[in-house]
Every structure is written in C-alpha cells, then in structure tokens.
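What follows is one structure encoded as structure tokens, with my remarks underneath.
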Protein chains: 2
Amino acid sequence: MPTATYNNSMEKGLQLLTLFTGDHPSQRLAEISREAGMPKATALRFLNALTRQGFLRKDSAGAYRLGYRLIELGHRASDQLDLRTIALPYMGALRDALDEAVQIAVIDGTEAVYLEKVDCRQPVRLFTKAGRRAPLHAGACPRLLLAFAPDPLISLVLSERTERRQFTETTPTDPNQLRALSEQTRRTGYSLSFGELEAGSAALAVPLRDYSGNVVATLSVAGPAERFGPDRVPEILAQARHTAAQISREFGFVPIIRS
Amino acid sequence: MPTATYNNSMEKGLQLLTLFTGDHPSQRLAEISREAGMPKATALRFLNALTRQGFLRKDSAGAYRLGYRLIELGHRASDQLDLRTIALPYMGALRDALDEAVQIAVIDGTEAVYLEKVDCRQPVRLFTKAGRRAPLHAGACPRLLLAFAPDPLISLVLSERTERRQFTETTPTDPNQLRALSEQTRRTGYSLSFGELEAGSAALAVPLRDYSGNVVATLSVAGPAERFGPDRVPEILAQARHTAAQISREFGFVPIIRS
DNA sequence: AACAGTGTTTCATTAATTGAAACGCCCGGA
DNA sequence: TCCGGGCGTTTCAATTAATGAAACACTGTT
C-alpha cells in the first residue's frame, strides 16, 4: 500500500491544514483529531511540527490557527508569478473602470484556483474569496481555462466517468454542451456565465497568455447578474480584453499580426 | 535524538519550501538535493509529495516552483486575520495620503514578519516584499513589536547570549540602547528608524490593538530616508496614528478615555 | 464527588522512511 | 561517433521514526 516515491506521513500532516476554513478558522486538538479521523497522539505530533515550522500558530485559548508562514510563502509564490508586480495594478484599474470584481485564476490539477481578487466598491457585490477553487466545468473562469487546456485534461473533465457537480440550475454538466461551449470560447476568445457556480452571479472571462503564446491564466470581471445585461456586456468585454492584452504583454506574450 | 512529540520527517520536507526564494524561484531535483544536504531519493519523495498536495508545481522544464496551494492557504490565513477585509483598505488610503509604502507586521516566534505591503507610486521607493522577515531588534516595525512584547521575549531578544546582527551602521545592537529605545517607544507610542535594516531607508511604526487592548500588530509608513525629515515626520505620525486607530477599532479595540 | 472531555506523555510494535546503488537518458566535449 | 558526467528514477535491505493504545493529569459541569 505505501509507495516509496512519496512521503505519505508528510502528506497526512499537510492535509490537516485544509481543516482550517472560513467557517472553522480556529480549532483545538480533539476537534482536529475527530475531523481528520486520526488518533489524538498522531494529530498532536503533526500539529506541533506544523506549529514549529510556522504553518500553524496556537492562540491564547489553546486553539490552532493558520500560521504566518503561509502568508509569507503565499506572497512569495504570488511574487514568482508576478501577480502583485504585473497583474494586480491592471486589475485595480479594470475594477476602477467597471466597478465590478476582477479576478485571476489558473488551472491546478483538475480545478481552477482563483489566485487574486480585487473587489468592487458597490454595496451589492459578488462575495467570494481569493484562494477559492472551482471545478473546470462551471463558471466563466474555469470554463475558459478548460477551453484552452491540453486535450488529455479536456477528455478527463468531460469523461463519462467524471462527476460534474450541478451547483445551480444553469450549471452545464452535459459533455456535449460543454464541448460546444468550449468551442465557442475558443472561437470568440471569451466565456460568459450566469449563475453557474452561485445563483444570481455573472462573470466574463478572457485568456491571459505568456511568452509561449499559451493561455496560462484567465482574467475575469464578475458581479451580480443584473449588472451583466446585453447592453453592458460589450463594454465589459472590451475593457477586459484591453486589460488582458496589457497583462499578457508584460507576461512576455507577443501577438501574431494577421495579414 | 528523534522526539516523539513532533513529526521530523514532515518538517524536513517542509523546509524544502524555504529553498524557493526570489533569487531561486525555480529549481531542479539535483540542486535541491545539494542545497538541502539530502540524498536525491529522499528529496525526490518529498518533492513528489509536496507537488501532489499543491505546495509545489513542476514547470515544463522539469523544475519545481512554489505551488498554487500556498497562494490559496496564504489568502485563507490572511482572511482569518482580517487583513484584506479590514486593514488593506485603510493601508491603501494611508498610502494615497502620504504616497509612501505602508506595511503591517506581526511577531512570529522571535522575528517580525511583514504580512502585507501597499507600495507608493513614486519612482524612488523602498524596495521590500510582503512576506519578508526581520529580527526584533532592528527597524521601526520590529522594534515597536519588541517594545510591547511579553517580558520573556524581550529578555530573550536582549540577552547577552542572543546574537543581534548589525545590518548597517545605524542598527542598534546594544541591549541597554535597545531597552532605552523600547521604553521611549512605549512612552511615545511610536518608533522611528533610519537605515537600521537597509541603508538609506526610514520607517515610522505605530501599534495596532485588538479587543483585548494588547498590541497584536504594527502599522508602518516607510520610504527613502530623505523623505522623512523633521518637517514631515509629524504629519506622517499623525496620519499613521489616525489609520491605526481606525484599524484597531475594527479589530475590536476600545480606547480607554482618560479623564 | 463523579464524570466527561481535554491535552500530554509513554512505550511496544511495526510500518514507513531512508539512502546506497543501479539504471536509463540526455547533453556536451573530444 | 563515443564517452563521461550529470540528470532523474527506481529498487531494496536496513533501521529509524512514526504510530496508536493506554495511562495520566487537569478542567469544568452536574
């Protein structure tokens, strides 16, 4: 059962970090042990080690919380993607131009992960968090990433054996429908979604490319669906395309001039 | 040697993450093995496991880079500190008011870690990164945190047996000098530093408090030293204090009214 | 006082980790 | 073209360190 090409003990310890969610930011040993299905002594050892390395910290009530080392490493990972130096200022400008949330997401494994979000200033807004994940079949960002993904990944996501969760009434789950949507996205260069992940929300996503010309990320404008009517979508698309071109250029993308 | 109350294998694996710095964002197995002083087979197992859990990712050249899971967890840790929801908007306003870098830092173990930074817009600016660390004896932020730290930590930092690195000519390292500076900081409610960590830089730091009334973090304004002359420092201090009061209030701090 | 729940420590067992060595592949230099 | 060096990967015997049950001390509630 154990395979010699990984370190299963470390992986079990790392998985404890996933227990700390927005709903459960602070947890004590017994709760962690129960939720992880792990004996208290084993869990305590992992927690002690994670705490010593700064990945967790213990608060004054004796409960564990995510530690500052994660913020440090998160910033470092972000810096290495040039998110703060290149993408964030343009995202801020796009937010200012449209007053909608602006997000950037990438593929990680078989999911999309939203790496950054710049919030709009309107009281009614899309309430999601940077760092969240979504499957590749639902939502403007995930679907845009899927459309430009390598064929083996597309096949896997659209396979009859892969379960595609239906979040809302408008979540596309049928493989043929998703293939058609992907083809449309590749042809038009953007994707648009209404309530596929959260009812009442909408998002428009465009690709971000790097020096290789490949789509490496997606930039999206997202907000309440009633602000994404047919009179406004063209403007959102134009602004998003403009910003994506700026970011892509700084990522080293050189557009091919069509003659 | 091995102690049963930690998980030393996991800790060794986690320490590989520290090899990925701004200077070395991308590394291959042999280099990692050499730098960590670890046999290739062992390092490969850790790398495979860290990659499977999303903490590292492998690029097209077969080199490892920090993974998206770190960004996700970094955001989650940051959210749990209310950095993005509470502190960042105020930091942005303070940056706009003064056009200097604004940072927030906390104590982690025996160091200060800068959790967030909002950059100024001037061409000549303080070039540091969010996520960086500094010892508690040098710099306005670390020294402010030290001044309000628990006595055992102060004693440890100022101990004759603790080495206090001299970064520049103005770095204070003498325990008596640091005690005097701490006392002054507690009395005046702020700390001011010129070139203690980086020559030519300056920073002014004020405390952030939470519902318990304790100093839990520090807010600083930082930039090139020539912009922190005696004619300007009072304004910087007033603005920083105002912003710190706003943030502290949202952290639940209730100021005691003096009669 | 009794009980439930917590976090911590101990220790025998054994599972998993470890590192040396072999292997296949690639690249650059002679 | 050949060879050597370096790379990443796999195998396997040795042994180390992880594991989990159980005991313990402490706290809070009834």
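When reading the values below, keep in mind they use all heavy atoms of this one structure, side chains included, and skip hydrogens, waters and symmetry mates. Every chain is numbered from 1, with letters handed out A, B, ... down the list of sequences.
- For A:Arg28, no side-chain nitrogen or oxygen approaches OP1 or OP2 of C:dT6 to under 4.0 Å.
- Looking at B:Glu35 and B:Arg28, no side-chain N of the basic residue comes within less than 4.0 Å of a carboxylate O on the acidic one, giving no salt bridge.
- Put simply, A:Arg34 has no side-chain N or O that comes within less than 4.0 Å of OP1 or OP2 on C:dG5.
- Looking at B:Glu250 and B:Tyr90, their side chains do bring a donor and an acceptor atom within 3.5 Å of each other.
- Rounded to whole Å, the distance from CG on B:Asn7 to C1' on C:dA16 is 11 Å.
- Of the residues in residues 54-64 of chain B, none lies under 4.0 Å from DNA chain C by heavy-atom distance.
- Between the side chains of A:Thr21 and A:Asp23, no donor-acceptor pair of N or O atoms lies under 3.5 Å.
- Within the 4.0 Å cut-off from OP1 or OP2 of C:dT18, not a single side-chain nitrogen or oxygen of B:Thr42 is found.
- Within the structure, every side-chain polar atom (N or O) of B:Lys12 is placed at least 4.0 Å from both OP1 and OP2 of D:dA17.
- C:dT18 atom P lies 11 Å from atom CG of B:Leu16, rounded to whole Å.
- Counting to the nearest Å, the P atom of D:dA17 and the CZ atom of B:Phe46 are 12 Å from each other.
- For D:dT9, neither phosphate oxygen OP1 nor OP2 lies less than 4.0 angstrom from any side-chain nitrogen or oxygen of B:Asn48.
- Remark on DNA chain C: of its neighbouring residues A:Leu29 and B:Pro39, the 5'-side contact belongs to A:Leu29, judged by nearest-heavy-atom nucleotide.
- Rounded to whole angstrom, the span from the CE atom of A:Met10 across to the P atom of D:dT19 amounts to 13 Å.
- With a 6.0 Å cutoff to the six-membered ring centre and a 45° limit on the axis angle, B:Arg52 counts as a cation-pi contact of A:Tyr6.
- Between the base of D:dG20 and the side chain of A:Arg45 there is a donor-acceptor pair shorter than 3.5 Å.
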**Message:** Using side chain to side chain donor-acceptor pair (under 3.5 Å), reason through A:Asn7 and A:Ser9 one step at a time and then give a plain yes or no.
**Reply:** CA-CA 6 Å; A:Asn7 185 300; A:Ser9 179; 4.7 Å; no
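- The CD1-C1' distance, from A:Ile32 to C:dT6, rounds to 13 Å in whole Å.
- B:Asn48 and B:Thr51 are not linked by any side-chain donor-acceptor pair at a separation below 3.5 angstrom, with hydrogens and angles left out of the test.
- Residue A:Glu11 contributes atom CD, which lies 13 Å from atom P of C:dA16 at whole-angstrom precision.
- Between A:Glu183 and A:Arg186, at least one side-chain nitrogen of the basic residue sits less than 4.0 Å from a carboxylate oxygen of the acidic one, meeting the salt-bridge criterion.
- Between D:dT16 and B:Asn8, no contact under 4.0 Å exists linking OP1 or OP2 to a side-chain N or O.
- Here the P atom of nucleotide C:dT9 and the CG atom of A:Leu47 are 14 Å apart, to the nearest Å.
- Among A:Arg165, A:Arg133, A:Arg132, the single residue meeting the salt bridge (charged side-chain N to carboxylate O under 4.0 Å, His left out) criterion with A:Glu111 is A:Arg133.
- Taking atom CD on A:Glu35 and atom P on C:dT6, their separation rounds to 12 Å, with Å as the unit.
- Using a 4.0 Å heavy-atom criterion, one finds that A:Ser9 contacts the sugar-phosphate atoms exclusively.
- Listed pair A:Lys40 / D:dA22 fails the phosphate criterion, with no side-chain N or O lying under 4.0 Å from OP1 or OP2.
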